[in-house]
Participant: 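Here it is, the structure, as structure tokens.
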Number of protein chains: 2
Amino acid sequence: MDQDKAVAALAALAQDTRLSVFRLLVKAGPDGMIAGSLAQAMDVPPSTMSHHLAKLEQAGLAISWRTSRLIHYAADYAGMQALLGFLMADCCQGDPQMCDSLLSSIRCDAVSEGAPA
Amino acid sequence: MDQDKAVAALAALAQDTRLSVFRLLVKAGPDGMIAGSLAQAMDVPPSTMSHHLAKLEQAGLAISWRTSRLIHYAADYAGMQALLGFLMADCCQGDPQMCDSLLSSIRCDAVSEGAPA
DNA sequence: ATGACATTTCGAGAAACGTAAAAATATCGA
DNA sequence: TCGATATTTTTACGTTTCTCGAAATGTCAT
């Protein structure tokens, strides 16, 4: 992950529809979702969704594969991991505690926002 | 952190100069850096840097304060934390292991990219 | 007060982005 | 092969974003 790739990944997520799609894919897991279902879920035309999905895939945040006529999209966890690592790099230089407290609040069993019980 | 704020924060980071500035601020720590120094460091005019800094601050990723004629900018760790938490929400539904492996690679003592020895 | 310094606000042009209809491509069933 | 389905590519237009000079604002020393 270099600067350019990070900017591309962040730009891919910095759009309402795409951010929603990405989070939907994160929740959906490795099996992913069908392109058409995503277009329906987000209430946008197929061509618009295709454009967004292409951007997510180019940014390394989603992967796709075909099953007969259907195209599956799933979150690219490796890409997400690389992006977060890039953002967090050097975060704790001189103060590991600060970084630790930041990360601990993100741990799955500690996430509270965006994941209502 | 809601969807709109997350999009704003991601958009703030999805720009070459601003991403560099943010990472510089993350490295600089709580004392932050002076606006003019950031303009020099990034080689952009003061007005351009001011525009970028305003966007980072509006996005909740930076804070600023004045010391006589100088204006300090520092990374807003709480904002960064909220954004990462939002992105990670629901990441491990049904598969906590996947989320754990993702986070463990981000831990400060495991960061390798972007932080050359 | 006046001038010098640090930064922001305003304004305008160029470039990039989001949207979606229309046409093209790919796959399947009959 | 033909039509139907699923998706992408092409193309176009309106909007937003980026950039930076010029002017305005805030601060300090004299």
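Hydrogens, waters and symmetry mates play no part in the numbers below; they use all other heavy atoms, side chains included. Computed from a predicted structure; not experimentally measured. Proteins come first, then strands; the chains are lettered A, B, ... in the order of their sequence lines, and each starts at number 1.
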Participant: Once rounded to the nearest 0.5 Å, what's the spacing between atom CG of A/Leu38 and atom CG of A/Leu56?
Facilitator: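 One gets 9.5 Å once the value is rounded to the nearest 0.5 Å.
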
Participant: Side-chain N or O of A/His51 less than 4.0 angstrom from OP1 or OP2 on C/dC17?
Facilitator: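 For A/His51, the contact criterion (side-chain N or O under 4.0 Å from OP1 or OP2 of C/dC17) is not met.
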
Participant: What is the distance from CZ of B/Arg66 to P of C/dT7, rounded to the nearest Å?
Facilitator: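 Between P of C/dT7 and CZ of B/Arg66: 9 Å.
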
Participant: Quickly work out the B/Met33 CE to C/dA6 P distance and round it to whole Å.
Facilitator: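 For the pair B/Met33 CE and C/dA6 P, the rounded distance is 15 Å.
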
Participant: Tell me the closest heavy-atom pair linking B/Met1 and B/Gly79, and the distance in Å.
Facilitator: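 Heavy atoms of B/Met1 and B/Gly79 come nearest at CE-O, 4.2 Å.
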
Participant: Round to a whole Å and report the spacing from CE of B/Met42 to P of D/dC20.
Facilitator: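 One finds 14 Å between P of D/dC20 and CE of B/Met42, rounded.
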
Participant: Evaluate the side chain to side chain contact (heavy atoms under 4.5 Å, CB included) criterion for residues B/Val26 and A/Leu87: first the C-alpha distance (whole Å), next the side-chain angles of each, then the deciding distance (0.1 Å), finally the verdict.
Facilitator: CA-CA 9 Å; B/Val26 165; A/Leu87 287 176; over 6 Å; no

Participant: More 5' along DNA chain C: B/Arg69 or B/Thr48, using each one's nearest nucleotide?
Facilitator: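 Looking at the nearest nucleotide for each, B/Arg69 comes out on the 5' side.
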
Participant: If you compare every side-chain N and O of B/His52 against the phosphate oxygens of D/dT19 (OP1, OP2), does one of them come in below 4.0 Å?
Facilitator: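 Result: yes.
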
Participant: For A/His72 and D/dT7, what is the distance between atoms NE2 and C1' respectively, to the nearest whole Å?
Facilitator: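 Checked: the NE2 to C1' distance equals 13 Å.
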
Participant: What's the CD-C1' distance between B/Gln58 and D/dT16, to the nearest Å?
Facilitator: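 Going from B/Gln58 (CD) to D/dT16 (C1'), I get 15 Å.
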
Participant: Please list all pairs meeting ring pair (Phe, Tyr, Trp, His ring centres under 6.0 Å) that have one or both residues in residues 31-76 of chain A, counting only residues at least two apart or in different chains.
Facilitator: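 Passing the test, one end in residues 31-76 of chain A: A/Trp65-A/His72.
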
Participant: Can you tell me if B/Ser47 touches the phosphate of D/dC20, counting only side-chain N or O atoms and a distance under 4.0 Å to OP1 or OP2?
Facilitator: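 No, because none of the side-chain N or O atoms of B/Ser47 sits under 4.0 Å from OP1 or OP2 of D/dC20.
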
Participant: Tell me whether the OP1 or OP2 atom of C/dT7 has a side-chain N or O from B/Ser50 closer than 4.0 Å.
Facilitator: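 Checking C/dT7 against B/Ser50, no side-chain N or O comes under 4.0 Å of OP1 or OP2.
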
Participant: Just how large is the angle between the end axes of the helix from C/dA1-D/dT30 to C/dA30-D/dT1, five pairs per end, to 10 degrees?
Facilitator: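 For the helix from C/dA1-D/dT30 to C/dA30-D/dT1, the axes at opposite ends meet at about 30°.
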
Participant: Rounded to whole angstrom units, what separation is found between the CE atom of B/Met49 and the C1' atom of D/dG21?
Facilitator: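 Atom-to-atom, B/Met49 to D/dG21, this comes out as 17 Å.
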
Participant: Do B/Ile71 and B/Leu53 come within less than 4.5 Å of each other through their side chains, counting heavy atoms only?
Facilitator: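 B/Ile71 vs B/Leu53: side chains apart.
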
Participant: Checking side chain to side chain contact (heavy atoms under 4.5 Å, CB included) for the pair B/Leu24/B/Met42: CA distance, chi angles, key distance, verdict?
Facilitator: CA-CA 10 Å; B/Leu24 210 51; B/Met42 293 294 121; 3.8 Å; yes

Participant: Whole Å only: how far is the CH2 atom of A/Trp65 from the P atom of D/dT8?
Facilitator: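 The distance from CH2 of A/Trp65 to P of D/dT8 comes to 13 Å, rounded to the nearest Å.
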
Participant: In whole angstrom, what separates B/Glu57's CD from C/dT7's C1'?
Facilitator: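 Atom-to-atom, B/Glu57 to C/dT7, this comes out as 13 Å.
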
Participant: Indicate whether OP1 or OP2 belonging to D/dT8 is found under 4.0 Å from a side-chain N or O atom of A/Tyr73.
Facilitator: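 It does, given that an N or O in the side chain of A/Tyr73 lies less than 4.0 Å from OP1 or OP2 of D/dT8.
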
Participant: Determine the contact category for A/Ser68: base if any of its heavy atoms lies under 4.0 Å from a base atom, sugar-phosphate if only primed atoms, P, OP1 or OP2 are that close, otherwise nothing.
Facilitator: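 Since only primed, P, OP1 and OP2 atoms lie under 4.0 Å of A/Ser68, the category is sugar-phosphate.
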
Participant: Take A/Thr67 and A/Ile34 through the test side chain to side chain contact (heavy atoms under 4.5 Å, CB included) and record every step on the way to the result.
Facilitator: CA-CA 10 Å; A/Thr67 299; A/Ile34 305 301; over 6 Å; no

Participant: Specify the residues of residues 10-18 of chain A, ordered by number, for which at least one heavy atom lies under 4.0 angstrom from an atom of DNA chain D.
Facilitator: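 Heavy-atom cutoff 4.0 Å gives no residues at all.
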
Participant: Mind checking the NZ-CG spacing from B/Lys55 to B/Leu61? Nearest 0.5 Å is all I need.
Facilitator: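 With rounding to 0.5 Å, NZ (B/Lys55) is 12.0 Å from CG (B/Leu61).
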
Participant: For a quick test of reading the model, state the closest non-hydrogen atom pair linking A/Tyr77 to A/Leu25 and the distance between them.
Facilitator: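 That would be OH-O, 4.2 Å.
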
Participant: How about A/Gln40: does its CD atom have over 12 heavy atoms from other parts shown lying under 6.0 Å from it?
Facilitator: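 Counting neighbours around CD of A/Gln40, 12 or fewer heavy atoms of other residues, nucleotides or ligands fall under 6.0 Å, so no.
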
Participant: At under 4.0 Å between heavy atoms, what does A/Pro46 touch on the DNA or RNA strands: base, sugar-phosphate, or nothing?
Facilitator: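 The residue A/Pro46 makes base contact.
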
